[in-house]
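Down below is the structure, laid out as structure tokens.
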Amino acid sequence: MSGEELKKYIKRSGLTMSDVARELGTTPQNVQARLGRKTIKIDFILKIKEIIDRCAPPLPAEMEAAVTGTLLAVFGTLSTLYIIITCTH
């Protein structure tokens, strides 16, 4: 998932960059800078998804599928992703 796609995901959630930054404990400028990088670390994508899941109404299925697809491409299977998320909380 690119930074532009992640920005769209945030925007479609109804949250602002300020909302996301506040939840991450950083500044909107820092979030924008991270989204502008050539590559985005999967842990950052997971944090954004967690914030949106917790703070925003459900997203349309195609947006949720885009993020889930990115995560599955990285981790291979949903069960692996579940284990990773479960073990980090």
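These values consider heavy atoms only, across backbone and side chains, with no hydrogens, waters or symmetry-generated copies. Numbers here are sequence positions counted from 1.
- Judged as a side-chain contact (heavy atoms from CB on, under 4.5 Å), and not counting sequence neighbours, the contacts of Gln29 are Thr27.
- Distance check, rounded to the nearest 0.5 Å: CG of Leu35 to OH of Tyr9 gives 13.0 Å.
- When the side-chain hydrogen bond (donor to acceptor under 3.5 Å, both in side chains) test is applied to Lys11, no partner is found at least two apart in sequence or on another chain.
- Pro28 approaches Ala21 most closely through the heavy-atom pair N-CB, 3.4 Å.
- When each of Ile51, Ile52, Thr16 is paired with Ile10, the side-chain contact (heavy atoms from CB on, under 4.5 Å) condition holds for Ile52 and for no other.
- For Ser2, the side-chain contact (heavy atoms from CB on, under 4.5 Å) partners are Glu4, Glu5, not counting sequence neighbours.
- A salt bridge (Lys or Arg N to Asp or Glu O under 4.0 Å) check over residues 26-44, counting only residues at least two apart or in different chains, returns nothing.
- Residue pairs meeting the salt bridge (Lys or Arg N to Asp or Glu O under 4.0 Å) criterion with at least one partner in residues 17-31, sequence neighbours excluded, are Asp19-Arg22, Glu23-Arg54.
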